[in-house]
2 protein chains.
Amino acid sequence: MDGAPDFRPLYQQVRDLLVQRIVDGAWKPGDALPPEPALAENYRVSQGTVRKALDELEKRNLVVRRQGKGTFVATHTPQRALFHFFHLVGDDGERALPSHRMLSVRSARADAREADRLALKPGTAVVRLKRLRLLGARVALVERIAVPAALFPGLADSRHADLPNELYRHYEIVFGVTVARAVERLKAVAATAEEAASLGLAPRAPLLEIDRVAFGLDGKPVEWRRSRCDTASHHYLSEIV
Amino acid sequence: MDGAPDFRPLYQQVRDLLVQRIVDGAWKPGDALPPEPALAENYRVSQGTVRKALDELEKRNLVVRRQGKGTFVATHTPQRALFHFFHLVGDDGERALPSHRMLSVRSARADAREADRLALKPGTAVVRLKRLRLLGARVALVERIAVPAALFPGLADSRHADLPNELYRHYEIVFGVTVARAVERLKAVAATAEEAASLGLAPRAPLLEIDRVAFGLDGKPVEWRRSRCDTASHHYLSEIV
DNA sequence: GAGTGGTCTAGACCACAGC
DNA sequence: CTGTGGTCTAGACCACTCG
């Protein structure tokens with residue numbers, strides 16, 4: 001820590017250096033970080049300072065720590081992928097885990113809205129996915145997804161039946177794209193004729209629209225997703241602390 | 001810390017003792033806690049341990065710390081009341097702060113749903129409020145609220161015009177009830193004829209229903225609120241970290 | 001200047017994992 | 001047994017607030 005002068009607290013500097021190494025891919029999801037004493041020596045700070053930096057990485061869900069084993073870069077396990085980002089819950093409180101039916105995968109040029117949400121220039125190459133998602137045996141969501149083609153080379157050529165339900169895990173394993181954060185905007189909308197047919201509802205039935213932008217480790221948008229959900233027997237759960 | 005044997009970490013014991021004092025009202029919202037060295041001496045632990053306990057209280061939004069001044073029990077400032085618990089945002093990204101028009105305040109006996117949400121026996125005395133809330137100049141929400149009468153003595157006798165927009169602040173100042181946490185369940189529903197009229201919408205227009213249970217410092221439900229919102233030009237914002 | 005919380009250190013010991 | 005993260009201490013100094 002004796003390089004360029006920097007007047008922020010040491011633990012923040014260490015924290016940012018650690019984040020940088022994860023963002024750069026020096027440590028990949030699932031990898032163990034060096035032990036705390038090694039990091040302390042490496043950065044010429046005390047172990048307490050390293051711990052405070054790691055506390056913050058843990059709070060941001062970038063690493064998980066396990067006593068006796070080590071500190072590991074966080075991964076999108078099936079559990080995390082589903083429960084952390086999927087907030088639809090049965091009205092009885094059961095978290096019915098969704099399955100899916102992928103309908104199509106197509107290359108396209110970003111339209112105005114995709115360009116806005118993904119922070120791209122209109123016309124940039126994107127990949128569009130369409131799928132249905134089932135809760136229990138019923139189709140409950142229709143989903144349109146758009147991602148920048150540049151981040152996902154070859155995705156457009158996937159056979160749509162081969163794409164897994166847990167896309168974020170797939171993004172991470174196959175394309176090295178880690179979803180670190182997301183912002184969801186929710187609205188109530190009336191189902192289009194097509195949506196109503198897919199969901200087995202009356203035309204213009206009320207649907208919950210979830211418009212989600214997911215961000216990568218570097219803070220840039222990596223996916224835009226618009227889900228329209230039948231909330232007759234499910235709800236979106238939001239906990240405020 | 002040399003009383004009854006307890007094998008949890010010291011900082012957790014100190015944390016829980018501090019929480020207890022806040023819950024019991026020994027320190028009220030806005031009060032300063034004793035300085036860290038005093039707490040350390042009091043509980044016979046090091047200042048570092050007290051700090052770790054206070055870190056957790058701060059994370060739970062129970063206290064706020066200000067360098068050079070002290071540590072204070074959190075209060076529902078107008079800012080916090082609105083932005084922490086009110087998640088509707090204009091589609092342009094502006095946080096239009098809502099105003100309200102209280103319609104009625106009535107005593108009643110808890111029906112089945114109120115009893116469920118508030119963890120009361122059916123028939124327990126409750127107070128029901130109805131109000132409209134405006135975003136800008138437009139009526140955008142119709143809201144029904146129910147609270148246990150026992151926690152809010154005299155509330156039922158309030159002139160409804162006297163009740164402020166920021167109810168949580170009112171609960172805290174007038175009744176000593178602090179809302180610490182809330183759970184919201186969101187659905188899309190079709191407006192009833194009455195709701196459509198209040199909101200100036202077509203009958204059966206899609207509305208976002210927010211069903212919120214708010215919990216006090218002791219973890220017990222203190223309010224149930226059901227808001228139905230016109231999301232034509234606003235959305236509910238949910239950030240996932 | 002006195003008092004507060006914020007940062008940082010060095011070192012001890014504990015609890016858990018795995019050979 | 002060794003190595004990991006988790007807890008705890010004691011003390012130093014910094015940054016901010018206020019009289």
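These values consider heavy atoms only, across backbone and side chains, with no hydrogens, waters or symmetry-generated copies.
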ask   = What pairs with A:Pro35 under side chain to side chain contact (heavy atoms under 4.5 Å, CB included), at least two apart in sequence or on another chain?
value = A:Pro37, A:Ala38
task = Please report the C-alpha distance between B:Val45 and B:Gln13 in whole Å, then the side-chain angles of each, then the deciding distance to 0.1 Å, and finally whether the side-chain contact (heavy atoms from CB on, under 4.5 Å) criterion is met.
result = CA-CA 11 Å; B:Val45 298; B:Gln13 300 179 41; over 6 Å; no
ask   = In B/S/- notation, 5' to 3', how is nucleotides 3-10 of chain D contacted by protein heavy atoms closer than 4.0 Å?
value = BBBBBSB-
Listed pairs under 3.5 Å, donor-acceptor, residues 160-169 of chain B side chains, sequence neighbours left out:
from: B:Asn165; atom 1: OD1; to: B:Arg133; atom 2: NH2; distance (Å): 3.1
from: B:Asn165; atom 1: ND2; to: B:Pro98; atom 2: O; distance (Å): 2.7
from: B:Tyr168; atom 1: OH; to: B:Arg212; atom 2: NH1; distance (Å): 2.9
from: B:Tyr168; atom 1: OH; to: B:Glu223; atom 2: OE1; distance (Å): 2.7
from: B:Arg169; atom 1: NH1; to: B:His76; atom 2: O; distance (Å): 3.1

Main-chain N/O of B:Thr49 paired to B:Lys52 side chain as donor or acceptor, under 3.5 Å = no
message = Surrounding CD of B:Glu41 (heavy atoms of other residues, nucleotides or ligands, distance under 6.0 Å), is the total greater than 12?
response = no
